[in-house]
Protein chains: 2
Amino acid sequence: MSTRAERFSAFRRALKDKGLKSTAQRDDIAHVFFGSQRHLSIDELYREVRKLNPRVGYATVYRTIKLLKECGLADEQHFADGQTRYESAKGDDHHHDHILCDRCGKIVEFADDDLERLQEEIATRLGFVLARHRMELYGICRECREGVRTPSAEATAARNRS
Amino acid sequence: MSTRAERFSAFRRALKDKGLKSTAQRDDIAHVFFGSQRHLSIDELYREVRKLNPRVGYATVYRTIKLLKECGLADEQHFADGQTRYESAKGDDHHHDHILCDRCGKIVEFADDDLERLQEEIATRLGFVLARHRMELYGICRECREGVRTPSAEATAARNRS
DNA sequence: GTCAGTGCAAAAGATTTGCATGCGA
DNA sequence: TCGCATGCAAATCTTTTGCACTGAC
C-alpha cells in the first residue's frame, strides 16, 4: 500500500506520460481523494475539494475521477445503496472485498485467500476463465449490535441518512 | 422454484392483501416478467410488454416492478455494466450468485454451499452478523473462448451491443 | 502562443412524480 | 360511485458534453 504522496506522484507522472497537464484543480482533487480513507461519492469528493478550493466545478471532479480510473489509481464501486463510490486503488496485488454495515453504513475491507481460490474453482466448474469478481457482504457490525455509538459510526450514519 | 402461474397467483394475492387493484397493465407486466428466464432491464421489460399490450406506459412498468420488489417477487441486480436488471425472485431458500461473460454478456446463476459457509465465517471474523451478500464473477465463457457462436449467445451479444 | 483544461449551462439518460382522466371493486 | 391506477409530461438526479474563456507548458 502506497502513501498519499506516492500516489500523488504517480498521478502526476501518468499525466505527463499521457501528455496531459497538471493543473491546480487536478492537484486539489487528487490530494483530497488520495487523502481520504473512505469510499467517496462524487458529491462527497466535490464538497471536500470545494473546502480546499472553491474554484472547482462539478464537471471537473467527474473528469478527474475518470482520469484517475484510467490511470488505475481509483476504483469505482457500485454498492447496494445505488450510490457510485470511489476508493483509492490498492494495486493489482492487493485485491480486496467489502463488508458493509446496514445500520451505520460503515465499509470494511477484507481479503481472503480461501475465497479467491473458491471463486476460481467455481468459475472453472462452470466453464469460465475468471477475469475478476466483485463481492459484498451486508450485515450489522458489532458496534451497532451493542448499541455503541462511536463518533465515526455516528458520522457515517449521518451521512447515510442525508 | 415456483412456476410462472404460481408466481402470478402470489402477485395477485399480494395485491389483494395490500388492498391494491389488479389491472390489465399489472397482469401483463407480471406475465412477461415471470415468463422471462433472463435478467431484464426496465427497457427490455417495457418493450416486451408493449408487444403484448401497447397501452402500457414506461412509468407503469417502473411502478409495477417496484411493487414486485416489495412483494419479494423481483430481485434488483446492479451488474458492472451499470444497467439495472431484474430477475424473478427464487425465494429465500434459493439464494444464488451470478457469473457473467465479459464477451457475450451471458449470465449464469449458481449456488455453492462452501461459498455461503465461507462468507458467514468471514463476516463473523470481522464482527458482523451477516444478513445477505452479493457476488458476481466476471470472465469469458467456454463458448466464447472456443469461438462457438450459439444462437442464444449471439442474441445476448447483440443485446449487449445495442 | 498554442491547445488542453475549466466552469457553466445545457444536454442526455434513468427514474420519479403531479395531475387529470380511466377503470376495477 | 369512489378512489386507486394510469398515461403523459414535467420534474429530479446523476453524469456527460458544447463552448467560450483561462492558464499550463
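These numbers come from the heavy atoms of this one structure, side chains and all, not from hydrogens, waters or symmetry mates. Naming convention: chains lettered A, B, ... in sequence-line order (proteins, then strands); numbering from 1 in each chain.
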> Counting only side-chain N and O atoms of A:R26, is one of them less than 4.0 Å from OP1 or OP2 of D:dG23?
Replying inline: no
>> Strictly below 4.0 Å: does B:T23 bring a side-chain N or O up to OP1 or OP2 of D:dC4?
In response: no
>> Looking at A:R63 and C:dG7, is any side-chain donor or acceptor paired with a base atom of the opposite kind under 3.5 Å?
In response: yes
>> Using heavy-atom distances to pick each residue's nearest nucleotide on DNA chain C, tell me which of B:R55 and B:I42 is more 5'.
In response: B:I42
>> Tell me the interatomic distance from A:K16, atom NZ, to C:dG5, atom P, rounded to whole angstroms.
In response: 14 Å
> Given atom CZ of B:R47 and atom C1' of C:dA14, what is their separation to the nearest angstrom?
Replying inline: 14 Å
>> Less than 4.0 angstrom between a side-chain N/O of A:Y62 and OP1 or OP2 of D:dT15, yes or no?
In response: yes
> Do A:D97 and A:L137 pass the side-chain contact (heavy atoms from CB on, under 4.5 Å) test, and can you show the C-alpha distance, the side-chain angles, and the key distance before you say yes or no?
Replying inline: CA-CA 8 Å; A:D97 296 297; A:L137 305 179; over 6 Å; no
> Got a sec: does the NZ of B:K16 have more than 12 other heavy atoms crowding it under 6.0 Å?
Replying inline: no
>> Before we go on, tell me: are the rings of B:H98 and B:F110 under 6.0 Å apart, centre to centre?
In response: no
> Does C:dT15 have OP1 or OP2 sitting under 4.0 Å from an N or O in the side chain of B:T84?
Replying inline: yes
>> When you compare the side chains of A:H96 and A:E87, does any donor N or O come within less than 3.5 Å of an acceptor on the partner?
In response: yes
>> Here's a test of your reading of the structure: between B:A59 and B:G19, which maps to the more 5' nucleotide of DNA chain D?
In response: B:G19
>> I need the OH-P distance between A:Y46 and D:dT16, as an integer number of Å.
In response: 16 Å
> Any idea which of C:dG7, D:dG7, C:dG24 is nearest the B:K21 side chain?
Replying inline: C:dG24
> Can you tell me how far C1' of D:dT16 sits from CG of A:D43, to the nearest Å?
Replying inline: 17 Å
> So, do A:L100 and A:E136 sit near enough that their side-chain heavy atoms are less than 4.5 Å apart?
Replying inline: yes
> So does A:Q83 get a side-chain nitrogen or oxygen closer than 4.0 Å to the phosphate oxygens (OP1/OP2) of D:dC13?
Replying inline: no
> What's the CD-P distance between A:Q25 and D:dC21, to the nearest Å?
Replying inline: 18 Å
